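The structure displayed is predicted, hence computed values, not measured ones. Per chain, numbering begins at 1; letters A, B, ... match sequence-line order.
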2 protein chains.
Amino acid sequence: MEITRIAEGAKGFEKVFAFLRERLLAGSLKPGDRLVPERELALQLGVSRPAVREALRALTMLGIVEILDRVGTVVRRPDVSVLGDFFTFALAQQADLIDDVMEARIAIECQAVRLAATRASIADFERMQRALTTIAETIDDADAGGMADFEFHAAIVLAAHSETLSVLHGSMGALLTRSHRSRRELVQAFGTMKTYLIDDHRRIFDAIVARDPERADTTLRRHFAIGDEYRRQAVLGLAEPRKASGE
Amino acid sequence: MEITRIAEGAKGFEKVFAFLRERLLAGSLKPGDRLVPERELALQLGVSRPAVREALRALTMLGIVEILDRVGTVVRRPDVSVLGDFFTFALAQQADLIDDVMEARIAIECQAVRLAATRASIADFERMQRALTTIAETIDDADAGGMADFEFHAAIVLAAHSETLSVLHGSMGALLTRSHRSRRELVQAFGTMKTYLIDDHRRIFDAIVARDPERADTTLRRHFAIGDEYRRQAVLGLAEPRKASGE
DNA sequence: CCGTGCGTTCTGGTCTGACCAGTATGATGA
DNA sequence: TCATCATACTGGTCAGACCAGAACGCACGG
């Protein structure tokens, strides 16, 4: 059973990457395992160490392995970070994608809220309740308020108990919060905004507690629509920047 | 304006990566641009070429950059492939995530179908119509049928005209189709399955054509639910593997 | 004058071998 | 027996070199 059997034709990086991919996909390399040292891997595959490092770095970027300085390389369970990086770069080059991403976020959350209405545990309820309280408390603080808002929505997704949904939502949240804070400042001016923020979230929470997926979805969807409408009016109506320090 | 200003403390890979990230996020490196040669980049940043290669390889994994053999490195618009790789690895190590991913797919498609009902163009209608026809034609072929099925759903997402939704859907589709084919074979046994496949998709299409987002969503959601039910029954009822050659 | 062909230059791809700096482990001493 | 220290081992990096193919420009032929 030759080790170099895999990816015979390939050279260097490709060879190492293919080798490791096989092992990872086949399951012979599981999360927590420590990889063989770079030098030995290079010997086994008949490639140079730089080639091995490239492959390891590539896997690191995919979140598959983690390189521990002066310790070794270990396989880890993939997590959000990769997607976060990806979206960060992707959106940086297409800022107009933000509305696009917002739509995806709505998609995720609406599905999540349905699942949450079915699966939410006591702990989930508590987390959401806590976020609701924070929202009410920070209603006059655009910065903390935005954070609290996001916390509540994140709590919903968590309550869905879906790893994938959490991952996707998390990766989008990272950059949406950035653009959101500025937008929220605009909207803050509206007097009705406060009751909207508090009551709307409350209604969503109630629907989840009531174990009513349909109502939860509808309410959440309307919540987004109203927020959109507020922003639209804010942009059109009072485009007066009230703060000189434009971030 | 020193080039090495960025990430002064960092060394090697980190330095190069930070440098390029800054350029990419700031927009001074746009899709289509050709990066400076590896050697020159190494010189500018005062690092070795292997370090540069690692950074470039990392960006390649993120889909930000494309290394063209013996030509150069160019910035490209990020696309699906990265997420596909990620999910491939992620699911290999956690097969139980498949149901999880399925939920995410439902989330994406339900949002997409709403948007599609609003934004779908003639071309989109045609694409969906074509897929519907193919579904009907390949109704007895598990393999081609699954493909056609996926085509239709993909057409819905395309009709939403949302880059992000497309990306997410595409990345999930890559691996869902794999597990789907086998599942579809199971389900194929049911006689009512054929009408379900044809009529249900037709109904979804009709709702989109009618520009009725709500109905489209509801119909699609029910479509998934029914499919789930079929699969459940198939697994429970006739768990007899009819083919010895297990792929 | 224009077009084709060839050669130089430049690109990424890779390798070799070496050094550095912490870690981990074992042997050694108290 | 336990604490301490030396050494082997790890990843991180560097330097310089070679290869093969692509790109470009120049010279030659039509």
Between C1' on C:dT16 and CG on A:Leu43, what's the gap in Å once rounded to a whole number?
12 Å
Got a sec? Which of residues 56-63 of chain A come in under 4.0 Å of DNA chain C, heavy atoms?
none
Where the side chain of B:Asp69 is concerned, which of C:dG12, D:dA15, C:dT16 is the nearest nucleotide?
C:dG12
Could I get a table of every N or O pair under 3.5 Å where one atom is in the protein and the other is in nucleotides 19-22 of chain C?
unit_1	atom_1	unit_2	atom_2	d
C:dG22	O5'	A:Arg70	NH1	3.3
C:dG22	O4'	A:Arg70	NH1	2.7

Looking at A:Asp149 and A:Gly146, would you say the former's side chain and the latter's main chain have a donor-acceptor pair under 3.5 Å?
no
Stacked cation flag B:Arg21 on A:Phe89, 6.0 angstrom / 45 deg:
no
Separation of B:Leu68 atom CG from D:dA20 atom C1', in whole Å?
16 Å
Over how many whole Å does the gap from A:Glu40 atom CD to D:dA8 atom P extend?
18 Å
Selection from D:dG11, C:dT11, C:dT14 that lies nearest to any side-chain heavy atom of A:Pro37:
D:dG11
Yes or no on side-chain contact (heavy atoms from CB on, under 4.5 Å) for B:Phe17 and B:Glu54, after CA distance, side-chain angles and deciding distance?
CA-CA 9 Å; B:Phe17 191 77; B:Glu54 279 185 42; over 6 Å; no
Salt-bridge contact B:Glu163-B:Arg77 (side-chain N to carboxylate O under 4.0 Å)
yes
Ring centroid separation B:His153 to B:His169 under 6.0 Å:
no
Grab the CG-C1' distance between A:Leu41 and D:dG11 for me, whole Å please.
13 Å
Is a donor on one side and an acceptor on the other found under 3.5 Å between the side chain of B:Ser28 and the backbone of B:Leu24?
no
Determine whether a donor-acceptor pair (N or O, by modelled atom type, separation under 3.5 Å) exists between the side chain of B:Asp33 and the backbone of B:Val75.
no
For B:Arg119, I'd like to know if atom CZ has over 12 heavy atoms of other residues, nucleotides or ligands within 6.0 Å.
yes
To the nearest 0.5 Å, atom CZ of A:Phe86 lies from atom CZ of B:Phe86 at 12.0 Å
D:dG11 phosphate, OP1 or OP2: any side-chain N/O from A:Thr73 under 4.0 angstrom?
yes
Calculate the interatomic distance between A:Glu54 atom CD and C:dC15 atom P; express it in whole Å.
10 Å
Separation of C:dG12 atom P from B:Glu38 atom CD, nearest Å, is 5 Å
Of the options D:dA15, C:dT14, C:dG12, whose atoms approach the side-chain atoms of B:Pro50 most closely?
D:dA15
Among C:dG12, D:dC14, C:dT23, find the nucleotide with the atom closest to the side chain of B:Val47.
D:dC14
Can you tell me how far C1' of C:dC10 sits from CZ of B:Arg34, to the nearest Å?
12 Å
With the side chain defined as heavy atoms from C-beta on, B:Ala51 is closest, among D:dC14, D:dG11, C:dG12, to D:dC14
